Number of protein chains: 2
Amino acid sequence: MANGHLQEAVSTLKNTKVRMTPQRHAILEYLYETMNHPTADDIYKALESKFPNMSVATVYNNLRVFKNVGIVKELTYGDSSSRFDCVTTEHYHIICSDCGKIVDFHYPGLDEVETLAEQVTGFQVHDHRMEIYGTCQDCKMVSH
Amino acid sequence: MANGHLQEAVSTLKNTKVRMTPQRHAILEYLYETMNHPTADDIYKALESKFPNMSVATVYNNLRVFKNVGIVKELTYGDSSSRFDCVTTEHYHIICSDCGKIVDFHYPGLDEVETLAEQVTGFQVHDHRMEIYGTCQDCKMVSH
DNA sequence: TTATTACATGATAATTCTTATAAATAATTC
DNA sequence: GAATTATTTATAAGAATTATCATGTAATAA
């Protein structure tokens, strides 16, 4: 299933001028398998053994390429480094303020907010973003 | 009215061990008067004439202090530098993807999302964040 | 009031994340 | 297969933020 999404992403790339390279495939594979919201550096380290010569710039460059094509989303939280997420279904994130863990959280979507915003502000809305912050169960334990 | 909120923030600080200094007052004043979601550098430049000797570090340090006390919120968008917003009433932001303009957008609040998230994930929720992205009217004009 | 303590500031260095550059390499097109 | 174009790699550069530390200033205690 994750594999299916990966294939889909690969064929999306095929339709553009973007070439498929081993590095790009590995980055995508990692994103779609782990579903882990990694930073660019996380990805770099994870693929270090497979691609000892790969540059950090390659990771950044390709993440940007993927983002432009629309198969990867960039998430900027407060913690200085962006996180990257493969675009699959509509879901939000809940983030633990203590340990930083990110958990997917499915929710119907906030389309009504978008339409209301359009009416009130006159903007032409094309996206929104929401995150929830809290303390995860593990961290609740620790603090007791 | 903006002034009222400023006074409130000042007295909040009084209750903590945080001292009031001219620089801190000026930073808060700027935040509460402009309501402009400035970056740290924006603030630094805006206060340059009043405080020619003020260091950028002072701005950063104090914004962090304010954040910890809870009278200022840090907003991280994709554009590399954080923006800072004084905490007043519950509102969200709608951001123009073209020119970067940020407009306040009042909405009842998404408490139900928080409670649902608590039930589903087991997190203890204490905050959430939402933004809407679109094209503002000015930029819509330009593109025609 | 004076001494002491604790916190703030300012200048600068250091760190970190990200992007730009340029040469080498690989893939695609004809 | 040769020419063209995109990609990788290594490194340098850039920008935002934080750390350091000496100095300064305000609060507290005697």
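In what follows, every chain begins at residue 1, and chains take the letters A, B, ... in the order their sequences are listed. Worth saying up front: this structure is predicted, and the values here are computed from it rather than measured.
Separating the CE atom of Met20(B) from the P atom of dT25(D) is a distance of 18 Å, rounded to the nearest angstrom. With rounding to whole Å, Asp42(B) atom CG is found 11 Å from dT17(D) atom P. Rounded to a whole Å, the OH atom of Tyr44(A) is 10 Å from the C1' atom of dT9(D).
Phe123(B) approaches Cys96(A) most closely through the heavy-atom pair CE2-N, 3.5 Å. Of all heavy-atom pairs spanning Tyr44(A) and Met54(A), the tightest one is CE1-O, 3.1 Å.
Counting heavy atoms from C-beta on, the side chains of Lys73(B) and Asp127(B) come closer than 4.5 Å. Contact check for Arg24(B) versus Val18(B): side-chain heavy atoms found under the 4.5 Å cut-off. Phe105(B) places a side-chain heavy atom less than 4.5 Å from the side chain of Val113(A). Side chains of Leu13(A) and Phe66(A) form a contact here, defined as non-hydrogen atoms less than 4.5 Å apart. Residues Leu47(A) and Val59(A) are not in side-chain contact: their nearest non-hydrogen atoms beyond the backbone lie 4.5 Å or more apart.
Taking the centre of each ring, Tyr92(A) and His128(A) come in below the 6.0 Å mark.
Bending across the helix from dT1(C)-dA30(D) to dC30(C)-dG1(D), expressed as the angle between its end axes from five pairs apiece, amounts to 30° (10° rounding).
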Once each nucleotide of nucleotides 7-18 of chain C is scored for protein heavy atoms under 4.0 Å, what B/S/- sequence comes out, 5' to 3'?
BSSBB-----SB

